[in-house]
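Small disclaimer: the values here were computed from a predicted structure and weren't measured.
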Amino acid sequence: MVSLNPKDHLILALDLPKTEALDLLDALGDKLAWVKIGMTLFYSEGPDFVSLLKERGLNIFLDLKLHDIPHQVHLAAASLGRLGVDMITVHASGGADMIAAAKEGLRLGAQNQNDTKLLAVSVLTSSDQIMLNSIGVYKQLGEQVKDLSKLAFEAGADGMVCSPQEASLINELALGEKLIVTPGIRPLGTELGDQKRVLGPKEALLAGSSHLVVGRPITQAEDPVLALETMYAQMQGA
């Protein structure tokens with residue numbers, strides 16, 4: 001990645017109550033370009049909160065991980081497509097028909113007025129080989145991520161969500177032509193929390209990640225502005 005502008009590649013996970021999230025965004029100001037709205041905020045505040053952040057000029061990664069029968073996912077994606085967000089997620093394990101239904105729903109909902117990208121979630125970054133085995137998946141974790149990525153790309157997904165440790169596998173598979181969004185980013189000296197497959201920010205970018213999702217290392221920092229600037233500094237040179 002040449003001439004990297006870290007601001008374009010870092011997504012702040014706003015897994016906070018609405019008031020705290022808005023206070024944090026006020027503090028960060030124009031230092032931030034991307035935010036992730038996950039289940040915590042969306043289920044409590046709904047589409048109006050998405051619109052509020054769009055009015056602030058932020059790019060929105062709406063991470064709801066849709067997973068249901070294709071018909072239901074098609075309808076849900078159509079509703080989300082009308083919000084004008086920049087990325088949404090489905091679970092790749094829902095299968096090719098479900099992913100294709102989500103893609104078509106997005107297109108219909110947006111009525112070709114925006115370019116919402118569909119990302120498929122491979123294996124959650126809180127999972128490891130033991131967890132996969134416990135639910136009856138006996139492939140090696142990397143192979144599971146790679147196979148789900150092949151399926152998702154063939155079904156029309158614009159990119160994948162994976163741990164940074166698998167970013168290089170997917171980048172090779174996609175020939176650098178797909179988005180690779182990676183949670184599980186931990187700068188030097190921070191706790192892992194419930195993440196099990198992590199990398200530092202520079203290492204993740206070098207592995208092929210297009211966007212890094214970072215939450216608690218910034219949102220729970222004593223000085224979030226300094227934490228964000230430190231993250232940007234660690235991304236430089238990738």
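The side chain to side chain contact (heavy atoms under 4.5 Å, CB included) check on Ala221 picks up Ala227, with sequence neighbours excluded. Applying the side-chain hydrogen bond (donor to acceptor under 3.5 Å, both in side chains) criterion to Ser93, with sequence neighbours excluded, gives no partner residue. Every residue meeting the side chain to side chain contact (heavy atoms under 4.5 Å, CB included) condition with Asp68, not counting sequence neighbours, appears here in chain and number order: Gln72, Val73. For the side chain to side chain contact (heavy atoms under 4.5 Å, CB included) test, residues two or more places apart in sequence or in another chain that qualify with Ala155 are Ala96, Ile99. With sequence neighbours left out, the side-chain hydrogen bond (donor to acceptor under 3.5 Å, both in side chains) criterion links Gln144 to no other residue. For Lys178, the salt bridge (charged side-chain N to carboxylate O under 4.0 Å, His left out) test picks out no residue, with sequence neighbours left out.
Among pairs with a residue in residues 145-159, those fulfilling salt bridge (Lys or Arg N to Asp or Glu O under 4.0 Å) read Lys103-Asp158, Lys139-Asp147, at least two apart in sequence or across chains. The salt bridge (Lys or Arg N to Asp or Glu O under 4.0 Å) analysis of residues 45-61, with sequence neighbours excluded, yields the pairs Asp26-Arg56, Lys54-Asp86. Every pair passing ring pair (Phe, Tyr, Trp, His ring centres under 6.0 Å) that includes a residue from residues 41-96 is listed here, sequence neighbours excluded: His67-His91. Among residue pairs with one or both ends in residues 57-66, those qualifying as salt bridge (Lys or Arg N to Asp or Glu O under 4.0 Å) are Lys36-Asp63, Asp63-Lys65; sequence neighbours excluded. Judged as a salt bridge (Lys or Arg N to Asp or Glu O under 4.0 Å), the pairs with a partner in residues 220-230 (not counting sequence neighbours) are, in order, Lys31-Glu229. Within the structure, every pair that satisfies the ring pair (Phe, Tyr, Trp, His ring centres under 6.0 Å) test and touches residues 203-225, not counting sequence neighbours, is listed here: His9-His211, Trp34-His211.
Proximity of a side-chain donor or acceptor of Thr89 to a complementary backbone N or O of Leu64 within less than 3.5 Å is detected. Judged purely by atom type and a 3.5 angstrom limit, Gln129 uses its side chain to pair as donor or acceptor with the backbone of Leu141.
Interatomic distance, Glu203 CD to Ser209 OG, rounded to the nearest 0.5 Å: 10.5 Å. Atoms CG and CG, from Leu22 and Leu24 in turn, are 9.5 Å apart once rounded to the nearest 0.5 Å. Taking OG1 from Thr230 and CE from Met235, the interatomic distance works out to 12.5 Å, rounded to the nearest 0.5 Å.
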Under the criterion side chain to side chain contact (heavy atoms under 4.5 Å, CB included), I'd like the reasoning laid out for Leu62 against Leu80: C-alpha separation, chi angles, the key distance, then a yes or no.
CA-CA 9 Å; Leu62 186 57; Leu80 298 176; 3.6 Å; yes
For side chain to side chain contact (heavy atoms under 4.5 Å, CB included), just list the numbers for Leu25 and Leu58, CA-CA rounded to whole Å, side-chain angles, deciding distance to a tenth of an Å, and then say yes or no.
CA-CA 10 Å; Leu25 292 177; Leu58 290 163; 4.1 Å; yes
What do the steps show when you test Val213 against Ile185 for side chain to side chain contact (heavy atoms under 4.5 Å, CB included), and what is the final call?
CA-CA 7 Å; Val213 180; Ile185 305 300; 6.0 Å; no
Taking it one step at a time, do Thr116 and Met87 satisfy side chain to side chain contact (heavy atoms under 4.5 Å, CB included)?
CA-CA 5 Å; Thr116 303; Met87 302 175 184; 5.8 Å; no
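Among the candidates Leu106, Ile88, Leu179, the single residue satisfying the side-chain contact (heavy atoms from CB on, under 4.5 Å) test with Lys117 is Leu179. A side-chain contact (heavy atoms from CB on, under 4.5 Å) with Cys162 holds for exactly one of Ile180, Val181, Val121; it is Ile180.
In terms of hydrophobic clustering, with Ile, Leu, Val, Met, Phe, Trp and Tyr side chains grouped at heavy-atom distances under 4.5 Å, Leu41 and Leu83 are assigned to a common cluster. At a threshold of 4.5 Å between side-chain heavy atoms, the hydrophobic network of Ile, Leu, Val, Met, Phe, Trp and Tyr places Leu66 and Ile69 in two separate groups. The hydrophobic cluster containing Leu169 does not contain Leu119, counting ILVMFWY residues as joined when their side-chain heavy atoms lie under 4.5 angstrom apart, directly or transitively. Residues Leu212 and Leu226 do not share a hydrophobic cluster, defined by chaining ILVMFWY side chains whose heavy atoms lie under 4.5 Å apart. Under the 4.5 Å side-chain heavy-atom criterion for grouping Ile, Leu, Val, Met, Phe, Trp and Tyr, Ile218 is connected to Leu16 within one hydrophobic cluster.
With a 4.5 Å cut-off on side-chain heavy atoms, Leu228 and Leu28 count as touching. The side-chain heavy atoms of Asp15 and Thr219, taken from C-beta on, include no pair separated by under 4.5 Å. In this structure, Pro217 and Gln220 have side chains that are not in contact, with every pair of non-hydrogen atoms separated by 4.5 Å or more. With a 4.5 Å cut-off on side-chain heavy atoms, Val35 and Asn59 do not count as touching. Residues Val145 and Ser149 are in side-chain contact: their nearest non-hydrogen atoms beyond the backbone lie under 4.5 Å apart. Looking at heavy atoms from C-beta onward, Tyr232 lies out of side-chain contact with Asn5 at the 4.5 angstrom threshold. In this structure, the side chains of Pro6 and Gln236 come closer than 4.5 Å at one or more pairs of heavy atoms.
Around the CD1 atom of Ile130, the shell of radius 6.0 Å holds no more than 12 heavy atoms that belong to other residues, nucleotides or ligands.
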